[in-house]
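Below, read A as the first sequence line, B as the second, and so on, with proteins coming before strands; counting in each chain starts at 1.
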Number of protein chains: 2
Amino acid sequence: MEHLRIDRQRTAARIGRDIETLSGPAHTRDAVAIRRYAYTPEYAATDAYFARELEAIGFTVEHDPVGTLVARNVPKGMPAFGIGSHCDSNRNGGKWDGTLGVVMALELCRLNGEHGLGLPLQLISFLEEEGSGFGQMLLGSRIMAQRATEEQLRESMFELDTGRPFWETAVAAGYEPARWRESQRVLDGLIGWIEPHIEQARVLQDTGNRVGVVNAIAGYVHADVHVHGRDDHAGATPMDFRLDPTTVVAECVLELERLARAAGNATVGTVGEIEVHPSLINAIARDVRFSLDIRGPRDEAYLGVFRDISAFAHERAAARGMTVDVVERQRNPATPMDAAIVAALEAAAAATGEPVLTMHSGAAHDTMCVADSVPTAMVFVPCKDGISHSPAEDAQPEDAAVAVEAILNAIRALVA
Amino acid sequence: MEHLRIDRQRTAARIGRDIETLSGPAHTRDAVAIRRYAYTPEYAATDAYFARELEAIGFTVEHDPVGTLVARNVPKGMPAFGIGSHCDSNRNGGKWDGTLGVVMALELCRLNGEHGLGLPLQLISFLEEEGSGFGQMLLGSRIMAQRATEEQLRESMFELDTGRPFWETAVAAGYEPARWRESQRVLDGLIGWIEPHIEQARVLQDTGNRVGVVNAIAGYVHADVHVHGRDDHAGATPMDFRLDPTTVVAECVLELERLARAAGNATVGTVGEIEVHPSLINAIARDVRFSLDIRGPRDEAYLGVFRDISAFAHERAAARGMTVDVVERQRNPATPMDAAIVAALEAAAAATGEPVLTMHSGAAHDTMCVADSVPTAMVFVPCKDGISHSPAEDAQPEDAAVAVEAILNAIRALVA
């Protein structure tokens, strides 16, 4: 099949226009950041924009029982290829995270019609990916994948700004959360799924690539290490009389860096939080807590690092006469992408003539939930300096247009 | 001169009784901690207790212009040996810090009479050593040493609990701060000064010694090191794309430990505060600030460590593509104690038959100010587990009695 070259300039212009429209006052609660949480007027206005644009090009638009937007150009349940992302924002959000993926999916639907390709498509805009409304990441896609329980939905989710229960808020917005289990029917008939998204890191920018084909979403483990020492007077306690937990923390930070590099397989390890008690310039710390965020696309690699750094922390604390507790917060396995979709994307992206990188996603995405039952992949668009979850978030519609061309051609090949 | 052995049991009992009396409800604002700040009713009651006890044994009691208690058994300006400490408390204070030193000085005055020794003595109980009332450490002794300015006293010191100016509060308490310069006359005629105090660290306890003869008070430098990295996504940013400031912090914590040990001369170095921004488990830190507390009895030793750790921080940050700022908060030189007084104390302490350690003080004391114009030394009493500035602060009157015997004999030798 010959590569279809789209009018990238026109596509970039439409993507840019969509993004600017959806950054206007009707679509955000804040003048600087983009603030758009599930069931708010700003969210409803954004949802309505996509619905109007999709209906204008012949798509049928519905919502699942909790408010995830689903648009099709074929009857419900018929085979279709899925595309989309989410259009809610992080609390201190920018214009691009999530929304660009839905805008690119809309643009794909437009091009499908304009080029008379006849591809069976189903666009999904997932409810509440960021967790900014109810503190629950991937909420819409977790409901669709049945990764939630009715008890959780009814009793343990509350709107962060008002304290109102999720259930009640969804009903007030006109949805039927009691039918949440039916959400999984949205995936019936999907023969594949591709989510376009900004990268949220600097790999594409710093390696000079314009398209990222994602072959896996990293798994992760989050934990806290508590080092217990002894708070003594910083001036009056000789070096040999100390049980200073900051020294164990320091050894662990450097060992984590070494272990993550040694593990290869794109493993990363980060100490993002360090909390010292009592935190006085003239007192040796009594306790220090530090966080561990260890991830990678290969479970055995990053979990090995977690196991090794935990053992190292115990060993170094013991050697210094102290103790540690390692408390796991959560873990989530890696999600491999579908090899056939990845291959089709790689081929189509290469045919755009632009520099392309096959990579994994270090961040979590709705696609992790879709992948439970549908072959999936993702495509990343470079974002400036890797900045995301910030009003300074920036990306280029021209890069998005290249990705759209690659995705369109990949779907053509996959449904052929 | 033959060593005078006192009735240690009786002295311990009296010291214990004094301490318990001064921990009663009239002498502390709090039922658990000892709270006693300058010019409060609790402080006045404590001051009055010492005045009554001293007058009962023939001492003349006065106050300097800001309220430091001065009691003599010889006329003002006549040669006398100075003893004392402070009786205000830390905000979360215990029974012993400061107060024990004044109680021991009182006991020395009692023993001087009971044994008919005829030693010329001057007891001083310094106003506001802890800085808990007005946020100014060593306030009374700094005023006496003229280490304050009139502008500071009039305009930049306020009662922490009420916001009332120091000056106004002192006047309301019946003192004459306008005559503060005359405070220095208190030191006229002092031929030496010994301050007894709890150790506030665990060296005496852990080495099994009952008396500490202090030969120097440590100098110190306090500073902050700011490491500037780049906040990137913890999951999406490969190890080689990071500018993670926590790694520089970790290297500095370990290097500080190494440098302090290598410097010898009882040098100590502590990182007591670590502040990470933005402090999210899933974000590489952008900036980290950590504090430096570097001390020792030899200025060239601990200042060398400060110089070396500053250079190391710059060097390691540069090697990792980051930058640091080192911002000094304050420094204070070491205060050597008087060799003759130290020698007399060592001899007298040895003659008690109890285990004695010559050591330096890592903490600051009023004696630093007295040392500006008078030959000085200090004597430490062990405190349980080194705990101080806490209601859990504990010490043994029996240890204090041994120290009293040593000080009494040292003064006998020195004034002979």
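With sequence neighbours excluded, the residues satisfying side chain to side chain contact (heavy atoms under 4.5 Å, CB included) with B:Ala377 are B:Met337, B:Ile341, B:Val342, B:Leu345. With sequence neighbours excluded, the residues forming a ring-ring contact (aromatic ring centres under 6.0 Å, His included) with B:His86 are B:His197, listed by chain and number.
With a threshold of 4.5 angstrom between heavy atoms, B:Asp232 approaches chain A through side-chain atoms but not through N, CA, C or O. In this structure, no portion of B:Ser388 lies under 4.5 Å from any heavy atom of chain A. With a threshold of 4.5 angstrom between heavy atoms, B:Asp385 approaches chain A through N, CA, C or O but not through any side-chain atom. B:Ala263 does not touch chain A: none of its heavy atoms, backbone or side chain, sits under 4.5 Å away. With a threshold of 4.5 angstrom between heavy atoms, B:Ile294 does not approach chain A through any atom at all. Both the backbone and the side chain of B:Phe241 have a heavy atom closer than 4.5 Å to some heavy atom of chain A. For B:Ala218, no part sits under 4.5 Å from any heavy atom of chain A, backbone or side chain.
Among A:Asp244, A:Ile387, A:Val276, the residue making the largest number of heavy-atom pairs under 4.5 Å with chain B is A:Val276.
Under the 3.5 Å distance criterion, with hydrogens and angles disregarded, no donor-acceptor pair is assigned to the side chains of A:Asn332 and A:His222. The closest side-chain donor-acceptor pair between A:Ser279 and B:Glu273, if any, does not fall under 3.5 angstrom. Neither side chain, A:Asp231 nor A:His277, offers a donor N or O lying under 3.5 Å from an acceptor on the other.
Of all residues spanning residues 283-290 of chain A, those with a heavy atom less than 4.5 Å away from chain B's heavy atoms are A:Ala283, A:Ile284, arranged by number. Contact annotation for residues 245-261 of chain B against chain A (heavy-atom separation below 4.5 Å, listed by residue number): B:Thr246, B:Thr247, B:Ala250, B:Glu251, B:Val253, B:Leu254, B:Glu257, B:Ala260, B:Arg261.
The minimum heavy-atom distance between B:Gly131 and B:Leu160, with the atom names listed, is O-CD1, 4.0 Å. Summarising the geometry of A:Asn90 relative to A:Glu130, their closest heavy-atom pair is N-CG, 3.4 Å, with the distance given to 0.1 Å.
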